[in-house]
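The model shown is predicted, which means the values in this text are computed figures rather than measured ones.
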Amino acid sequence: MPPRKNDTGRDLKDLAKSRLVIEAISPRIDAGRFAAKAVEGWPFAVEADIFSDGHEVIGAAVRGADGAETRMAYLDNDRWGAEIAFAQAGPSSYSVIAWRDLWGSWARDTRKKVDAGQDVTVEIEEARQILAATKAPKDRAPELKALRQAASAGEIETLLATESAVVMGEIGPRANTTSSAPVPIWVDRERAAFSAWYELFPRSTGPEGQHGTFRDVIERLPYVRDLGFDVLYFPPIHPIGTTNRKGKNNSLKAEPGDIGSPYAIGSPEGGMMAVHPELGTLEDFDALVAAASEHGLEIALDIALNASPDHPWIEEHPDWFERRPDGSIKFAENPPKKYEDIVNFRYYNDNGTPNAPFWEAVRDLFLFWAGHGVLSFRVDNPHTKPFPFWEWIIAEVRAQYPGAIFLSEAFTRPKVMKRLAKLGFNQSYTYYTWRNTKSELTDYLTELTTEECRDYMRPNFFTNTPDINPVFLQTSGRAGFRTRLVMAATLAGNYGMYSGFELCEGAALPGREEYLDSEKYELRHRDFDAPGHIKTDIRMINHLRQTEPAMRDFRNLRFFNAFEDRVLYYARFDPASRNYLLFHVLIDPLNPAEFQFEVPLWEFGLPDDAAIGVTDMLQGNSFDWWGKFQTLRLHPEERPYAIWKLTPGETI
């Protein structure tokens with residue numbers, strides 16, 4: 001009788017290969033559609049649900065793209081986990097593998113029989129068979145030989161010893177090995193996950209009343225580095241158009257001498273691969289990049305896909321721009337806002353196909369600046385450009401420069417921001433600027449650090465930008481600037497500030513979140529030693545970030561109880577380095593607060609009445625906190641925040 005045809009269409013042998021269940025792998029973004037983000041050299045936690053039929057002992061491991069394995073440990077409820085690390089930036093992957101551990105099952109069951117006084121003659125023979133089927137690498141052959149000899153001699157306690165379990169756990173035979181599909185990972189250099197950005201306008205670095213140059217910026221590098229920043233970020237540095245040029249305070253009419261917005265890119269002098277003539281030459285820019293590197297600074301550029309009506313591409317590539325039905329070029333707008341000095345690029349053709357020559361030109365401009373030593377890019381309004389465009393651009397740039405960093409400036413809907421991060425943006429602007437209350441900050445940071453987005457979206461907490469002068473800073477005074485600095489720098493791995501923040505600049509256009517006399521439309525010359533600055537706070541907090549290991553991975557953030565709604569109380573704990581930091585921040589910039597808070601003694605296995613060593617990181621003195629409850633007073637002008645370092649096991 002001929003064999004019955006497989007009615008299901010599924011091959012029995014292929015189906016039977018996956019006897020073990022591997023599911024709920026984490027991190028795995030959208031079932032592997034996108035890569036989770038890792039950092040070269042940093043621990044990377046992998047978890048999965050792993051189980052099988054029956055009661056056999058299971059083994060599991062994470063297998064890297066290079067074939068190296070890291071054994072997983074059982075956590076709870078069929079959940080397994082391990083930490084791995086990736087050696088270099090670029091694309092990678094991991095798989096989760098699991099198997100029935102023949103020796104482990106034999107040893108567990110045989111131990112029970114021995115302890116019950118039962119005969120184990122058959123079990124010893126079973127051990128001989130397992131050992132005979134075991135293959136060992138050359139350096140482990142002596143250990144395997146010793147176990148075979150013990151089995152031949154019937155030395156059951158030797159076979160059941162912990163040392164034997166360790167050896168066979170590493171070299172023993174695996175049955176029904178099952179593997180997950182590879183999970184994609186993008187590995188970043190550390191600066192993608194941990195950086196401090198300082199933004200300045202190069203044109204404002206010259207002498208009073210004069211347009212600054214790249215050479216003038218070189219003179220400012222020691223100042224930026226002294227504050228402790230490691231990324232120096234410039235708004236667009238390209239030629240600026242004259243058609244519909246904006247005047248001071250975003251006036252629709254420019255007066256003679258008005259320099260215009262740097263975001264209106266393009267003039268007869270060139271477009272996005274040219275520099276503004278008054279800033280200098282490309283050679284001057286190269287000299288600036290080199291000088292910045294000598295100071296430990298990396299230059300970041302703003303890539304704004306905005307073209308002024310004078311951009312050379314309009315004549316060279318008229319089909320790269322959106323047109324109205326009457327054939328006129330389409331100006332940018334976000335009703336009711338209008339941007340009369342900017343026109344729109346065309347990303348897709350009328351038939352729905354990508355405007356490929358334009359996409360390639362944008363890729364080439366990123367590659368052009370990367371070739372001039374720039375690997376960090378802040379991208380202006382990426383959410384207004386097609387998602388496939390960014391996915392392709394970022395992949396193309398990374399193929400040549402895997403260390404490239406893309407910062408998404410997308411203040412838009414949460415799911416859109418997260419999609420951009422999935423597409424490859426290494427860092428993302430956030431809603432931090434508008435989260436002011438304890439509940440707002442706690443809820444938002446809990447989302448960023450505990451939900452799935454923690455594995456692909458890295459926040460960059462900018463305190464302010466040339467576009468955003470938050471209402472809080474307009475009304476908070478110096479105390480508010482200090483606390484917003486401290487929270488930005490200690491709640492996130494990446495943070496930044498726009499020049500003038502250190503001087504507590506908050507003057508605004510009435511009723512708007514925009515700066516009065518905005519630097520986007522005119523030169524600003526500042527006295528950076530003016531009374532009331534907060535440079536001491538900035539230096540201190542950046543030094544803390546660099547010297548305390550707990551400050552690096554923002555996902556270790558924890559919130560604790562302070563019995564005052566105007567105080568944010570949180571921790572950054574890194575058990576691997578035994579580095580434990582606590583922060584109290586008074587988010588009310590006008591009124592003092594005296595309150596009780598809980599010392600998290602339970603985190604260290606200590607009873608509520610125990611003592612723990614503490615160092616005041618602002619004052620430098622050390623002492624003990626006795627007991628779970630302590631009292632603190634914060635004052636907006638005197639001490640609006642406190643930072644403590646815990647030393648469990650060490651008391652004075």
Side-chain angles (χ1 to χ4, degrees), residues 25-46 61-70 82-97 179-195 230-231 289 293 298-301 303 359-360 362-379 382 387-408 419-428 453-458 460 493-494 552-555:
I25 297 173
S26 173
R28 181 170 59 175
I29 311 305
D30 289 2
R33 164 68 173 87
F34 298 105
K37 291 184 173 70
V39 179
E40 57 182 349
W42 285 22
F44 184 84
V46 176
V62 180
R63 179 179 289 164
D66 59 357
E69 291 183 5
T70 302
E83 282 191 348
I84 59 176
F86 298 91
Q88 63 182 30
S92 192
S93 65
Y94 72 85
S95 299
V96 175
I97 61 172
S179 177
S180 73
V183 178
I185 298 294
W186 179 262
V187 185
D188 278 311
R189 58 191 176 103
E190 186 176 77
R191 192 154 286 176
F194 184 70
S195 60
D230 44 47
V231 178
V289 172
S293 179
E298 183 170 328
I299 298 298
L301 289 185
I303 300 299
W359 289 32
E360 292 165 355
V362 175
R363 172 202 59 195
D364 292 345
L365 79 87
F366 278 102
L367 295 175
F368 174 84
W369 290 111
H372 282 271
V374 177
L375 289 180
S376 292
F377 302 98
R378 181 267 201 186
V379 178
F387 295 145
F389 170 79
W390 288 122
E391 187 170 7
W392 183 81
I393 291 286
I394 292 172
E396 287 282 296
V397 174
R398 281 177 167 173
Q400 295 190 42
Y401 296 95
I405 295 172
F406 295 82
L407 168 59
S408 167
R419 181 71 176 194
L420 289 166
K422 292 177 183 179
L423 294 174
F425 280 92
N426 311 75
Q427 300 178 13
S428 303
C453 61
R454 73 195 294 270
D455 294 317
Y456 62 82
M457 181 177 175
R458 296 198 193 97
N460 190 322
N494 301 298
R552 303 190 98 71
D553 189 345
F554 82 101
R555 297 174 301 176

Answer yes or no: is there a side-chain heavy-atom contact under 4.5 Å between P182 and Y94? no

Decide side-chain contact (heavy atoms from CB on, under 4.5 Å) for L407 and F425; before the verdict, give the C-alpha distance in whole Å, the side-chain angles of both, and the deciding distance to 0.1 Å. CA-CA 6 Å; L407 168 59; F425 280 92; over 6 Å; no

Less than 4.5 Å apart, any side-chain heavy atom of I25 and any of V183? yes

Specify the closest pair of heavy atoms between T70 and E83, including all atoms of both residues, with the distance to one decimal. CG2-O, 3.6 Å

Over all atoms of both residues, closest heavy-atom pair of F86 and S93: CE2-O, 4.0 Å

Shortest non-hydrogen separation from V62 to A82 and the atoms involved: CG2-CB, 4.1 Å

W369 vs F377, test: side-chain contact (heavy atoms from CB on, under 4.5 Å). Steps then yes/no. CA-CA 9 Å; W369 290 111; F377 302 98; 3.9 Å; yes

Cation-pi, W390 ring and R419 (6.0 angstrom, 45 degrees): no

Closer than 3.5 angstrom, by distance alone: can the side chain of Q427 be matched with the main-chain N or O of A192 as a donor-acceptor pair? yes

Salt bridge (charged side-chain N to carboxylate O under 4.0 Å, His left out) assessment of E190 paired with R552: CA-CA 9 Å; E190 186 176 77; R552 303 190 98 71; 2.9 Å; yes

Short question: side chain of D30, backbone of G32 - any donor-acceptor pair under 3.5 Å? no

Side chain N494, main chain R458, donor-acceptor under 3.5 Å: no

Is a side-chain N or O of R189 found less than 3.5 angstrom from the main chain of G403, in a donor-acceptor match? yes

Tell me the closest heavy-atom pair linking R398 and N426, and the distance in Å. NH2-ND2, 3.1 Å

Looking at side-chain heavy atoms only, is the closest gap between L367 and Y401 below 4.5 Å? yes

After noting the C-alpha distance and the side-chain angles of I29 and K422, does the key distance pass the side-chain contact (heavy atoms from CB on, under 4.5 Å) rule? CA-CA 8 Å; I29 311 305; K422 292 177 183 179; 4.1 Å; yes

Mark yes when over 12 heavy atoms from residues, nucleotides or ligands other than Q88 sit less than 6.0 Å from its CD; otherwise mark no. no

If you compare all heavy atoms of A193 against all heavy atoms of V39, which two are closest, and at what distance to 0.1 Å? CB-CG2, 3.6 Å

Looking at R363 and E391, does any basic side-chain N land under 4.0 Å from a carboxylate oxygen? no

Using 0.5 Å steps for rounding, measure from the CZ atom of F194 to the CG atom of D553. 10.5 Å

Answer whether the closest heavy-atom distance between the side chains of V231 and S195 falls below 4.5 Å. yes

Evaluate the side-chain proximity of F44 to I185: yes if any heavy-atom separation is below 4.5 Å, no if none is. yes

Between L375 and I405, is there a side-chain heavy-atom distance shorter than 4.5 Å? no

Answer yes or no: is there a side-chain heavy-atom contact under 4.5 Å between F387 and P382? no

Within-4.5 Å side-chain heavy-atom neighbours: K37 and Y456: yes

Verdict with supporting geometry, E69 and R63, salt bridge (charged side-chain N to carboxylate O under 4.0 Å, His left out): CA-CA 4 Å; E69 291 183 5; R63 179 179 289 164; 2.8 Å; yes

Please name the pair of heavy atoms, one in S92 and one in A65, separated by the smallest distance, quoted to 0.1 Å. OG-CB, 3.9 Å

When rounded to the nearest 0.5 Å, the distance separating CD1 of I299 from NE2 of H372 is 14.0 Å

For the pair R28 and D455, evaluate salt bridge (charged side-chain N to carboxylate O under 4.0 Å, His left out) and give the outcome as yes or no after the intermediate values. CA-CA 9 Å; R28 181 170 59 175; D455 294 317; over 6 Å; no

Below 30° counts as parallel, above 60° as perpendicular, anything between as tilted: where do the rings of F406 and F366 land? tilted

